[in-house]
*Asks:* 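Quick one: structure below, then a few questions.
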Amino acid sequence: MVLFFNIMDYIKITFRIDSDEEYTNDLLMADLADIGFDSFEETSTGFNAYIPADLYDNETFIILVGNFITEYGCKIQFSEEHMADQNWNAVWEQNGFEPIFIDNLVAIYPSSAKSNIQSASFRYNIELNPVQAFGSGYHDTTQMMMRYILAANLNRKTILDMGCGTAVLAILARMHGAQHADAIDIDHWSTENAVKNIELNYLTDIQVVLGDANSIIKLRRKYDCIFANINRNILLNDIEKYAAALKPDGELYMSGFYTEDIPMLEKAAEHHGMRLTDTKTSNGWAAIKFVMDNDKRIQS
């Protein structure tokens, strides 16, 4: 089942940033999130930022960027693009993606490559037709989260895939033994695509929801495991909701940030009754595992 609230066009701002400080991107993303930008994609020269067209106020945006340049002394160039909803399927069909293999255990491939995959060679075969390449499994953060799923005992457990994108994590979790999965994303393109990908893999008991972390509260469910592959600022903002939705012995897996961000995320998790038990790193990106520490949870 999927819950849809509305369909919208997006504004894409492409940033080219000249700064000596590596954290400039993160600081600017945090400021942009405060005025409604909900998705970010890093590039070799800066990043792309996305905001629903009906929330975009150009005057507020220009003032924010000007103040940021003044405060941090960096050079920023940007361009604006209106992205119509109906363009995404055409973009995907034109570009596609190459099959991905995770530790000889998982094969991820588009429908167009299905006939070329020796499915018997892998424990799990996932067919995806994402409307955007991100979420297909290429990114380091997605692959680290998939390795966490493969190492976890999910037998008959209930999991949450937060910021689900293509729902590849929810799909793998169900294949790996999870009894039920909820998959939440703020982007309606992603939730529509997630439903299609779930159907492609003949899976049931995955509920797809369009919304943000407040949707967790509305679902009124307790989870054995939560997988959140988003970005640092959103994780920090929503970690309280993740903790509240975990069972007493629940586990929280997070990625979408850099290795230097681990300490602040660990501090936030500890504040909400969780302790760090494992970390993974790949090309500067990090993924971490927390478990509920019920003594601290009671005290907090």
Side-chain angles (χ1 to χ4, degrees), residues 2-19 21-92 131-135 162-165 184-194 209-218 228-241 256-258 261 264 268:
V2 60
L3 308 178
F4 292 120
F5 299 125
N6 61 327
I7 295 177
M8 64 189 78
D9 291 356
Y10 265 72
I11 300 296
K12 171 185 176 182
I13 309 292
T14 298
F15 288 93
R16 183 182 180 91
I17 300 175
D18 183 5
S19 173
E21 304 295 344
E22 295 183 357
Y23 54 76
T24 301
N25 283 9
D26 288 337
L27 292 173
L28 182 53
M29 287 181 195
D31 286 351
L32 291 169
D34 288 339
I35 63 170
F37 284 80
D38 60 27
S39 302
F40 303 95
E41 176 187 23
E42 294 204 84
T43 66
S44 59
T45 57
F47 63 89
N48 300 324
Y50 301 85
I51 183 173
D54 60 354
L55 296 181
Y56 180 59
D57 184 322
N58 180 259
E59 182 178 355
T60 300
F61 168 75
I62 295 298
I63 293 173
L64 183 150
V65 173
N67 290 340
F68 190 91
I69 292 172
T70 300
E71 182 174 358
Y72 294 101
C74 56
K75 296 180 180 179
I76 298 177
Q77 295 177 309
F78 59 86
S79 59
E80 178 182 318
E81 177 184 355
H82 185 276
M83 306 185 73
D85 171 68
Q86 64 269 21
N87 289 339
W88 286 103
N89 286 334
V91 170
W92 159 245
V131 293
Q132 292 177 281
F134 189 84
M162 191 68 212
C164 66
I184 300 175
D185 202 289
I186 198 170
D187 181 358
H188 83 90
W189 293 315
S190 294
T191 51
E192 288 180 345
N193 184 238
V209 179
L210 175 63
D212 57 16
N214 291 316
S215 299
I216 303 174
I217 301 171
K218 295 175 184 177
N229 183 17
I230 312 178
N231 67 55
R232 186 198 68 185
N233 296 321
I234 293 177
L235 293 172
L236 288 170
N237 185 69
D238 295 341
I239 196 168
E240 181 178 6
K241 295 182 178 69
F257 49 87
Y258 299 117
D261 297 324
M264 70 175 68

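Everything numeric in this text was worked out from a predicted model, so none of it was measured.
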*Asks:* Apply side chain to side chain contact (heavy atoms under 4.5 Å, CB included) to A49 and list each qualifying residue two or more places apart in sequence or on a separate chain.
*Replies:*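 Partners of A49 under the side chain to side chain contact (heavy atoms under 4.5 Å, CB included) test: F15, L32, F37, F40, F47.
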
*Asks:* Return the CG to CD1 distance between N231 and I234, rounded to the nearest 0.5 Å.
*Replies:*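 Taking CG in N231 and CD1 in I234, the distance rounds to 4.0 Å.
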
*Asks:* Side chains of E80 and I11, heavy atoms from C-beta outward: is any pair under 4.5 Å?
*Replies:*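 Yes. Closest side-chain heavy atoms under 4.5 Å.
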
*Asks:* How far apart are the closest heavy atoms of S215 and L210, and which atoms are they?
*Replies:*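 Looking at all heavy atoms of both residues, the closest pair is OG-O, 4.2 Å.
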
*Asks:* Taking side-chain hydrogen bond (donor to acceptor under 3.5 Å, both in side chains) as the test, write out the residues that go with N48, two or more places apart.
*Replies:*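 T14, E41.
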
*Asks:* Which heavy atom in A228 sits nearest to a heavy atom in L235, and how many Å separate them?
*Replies:*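 Minimum heavy-atom contact is CB-CD2, 3.7 Å.
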
*Asks:* Considering non-hydrogen atoms only, spot the tightest contact between T24 and C74 and give its length.
*Replies:*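 The answer is CG2-SG, 4.1 Å.
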
*Asks:* Measuring from I186:CD1 to D212:CG, what's the distance to the nearest 0.5 Å?
*Replies:*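 These two atoms lie 5.0 Å from each other.
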
*Asks:* Would you confirm whether D185, through its side chain, and C164, through its main-chain N or O, come within 3.5 Å as a donor-acceptor pair?
*Replies:*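 Yes, D185 side chain to C164 backbone: donor-acceptor pair under 3.5 Å.
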
*Asks:* Going through the checks in order, is the side chain to side chain contact (heavy atoms under 4.5 Å, CB included) test met by D26 and R232?
*Replies:* CA-CA 8 Å; D26 288 337; R232 186 198 68 185; 3.8 Å; yes

*Asks:* Got a second to check how far Y72's OH is from I17's CD1, nearest 0.5 Å?
*Replies:*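 Here the interatomic distance stands at 12.0 Å.
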
*Asks:* Holding to side chain to side chain contact (heavy atoms under 4.5 Å, CB included), I want the full list of residues that pass it with E71, two or more places apart in sequence or in another chain.
*Replies:*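 Expected list: none.
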
*Asks:* Does E240, at its CD atom, have more than 12 non-hydrogen atoms belonging to other residues, nucleotides or ligands within less than 6.0 Å?
*Replies:*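 Atom CD in E240 is not crowded, with 12 or fewer foreign heavy atoms closer than 6.0 Å.
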
*Asks:* Any heavy-atom pair between the side chains of D31 and L27 that's under 4.5 Å?
*Replies:*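 A side-chain contact under 4.5 Å is absent here.
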
*Asks:* Please check if atom CD in Q77 has more than 12 non-hydrogen atoms from other residues, nucleotides or ligands closer than 6.0 Å.
*Replies:*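 Open: at most 12 neighbouring heavy atoms sit under 6.0 Å from CD of Q77.
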
*Asks:* Could you measure the distance from the CG atom of D238 to the CG atom of N214? Nearest 0.5 Å is fine.
*Replies:*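 If I round to the nearest 0.5 Å, the distance is 7.5 Å.
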
*Asks:* What closest approach, in Å, do I35 and F61 show between heavy atoms, and which atom pair accounts for it?
*Replies:*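 Looking at all heavy atoms of both residues, the shortest contact is CD1-CA, 4.1 Å.
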
*Asks:* So which heavy atom on K241 is nearest to which on I216, and how close?
*Replies:*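 What the structure gives for the nearest pair is O-CG2, 4.5 Å.
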
*Asks:* Give, for atom CG of D261 and atom CG of L236, the distance between the pair rounded to the nearest 0.5 Å.
*Replies:*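 One gets 8.0 Å once the value is rounded to the nearest 0.5 Å.
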
*Asks:* Which heavy-atom pair separates I76 from F68 by the least distance, and what is that distance?
*Replies:*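 Looking at all heavy atoms of both residues, the shortest contact is CD1-CD2, 3.8 Å.
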
*Asks:* First locate atom CD1 of I51, then atom OH of Y10, and finally report the distance between them rounded to the nearest 0.5 Å.
*Replies:*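 That separation rounds to 9.0 Å.
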
*Asks:* For the residue pair D54 / Y56, report whether a side-chain donor-acceptor contact shorter than 3.5 Å exists.
*Replies:*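 Side-chain D/A pair, Y56 to D54: absent.
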
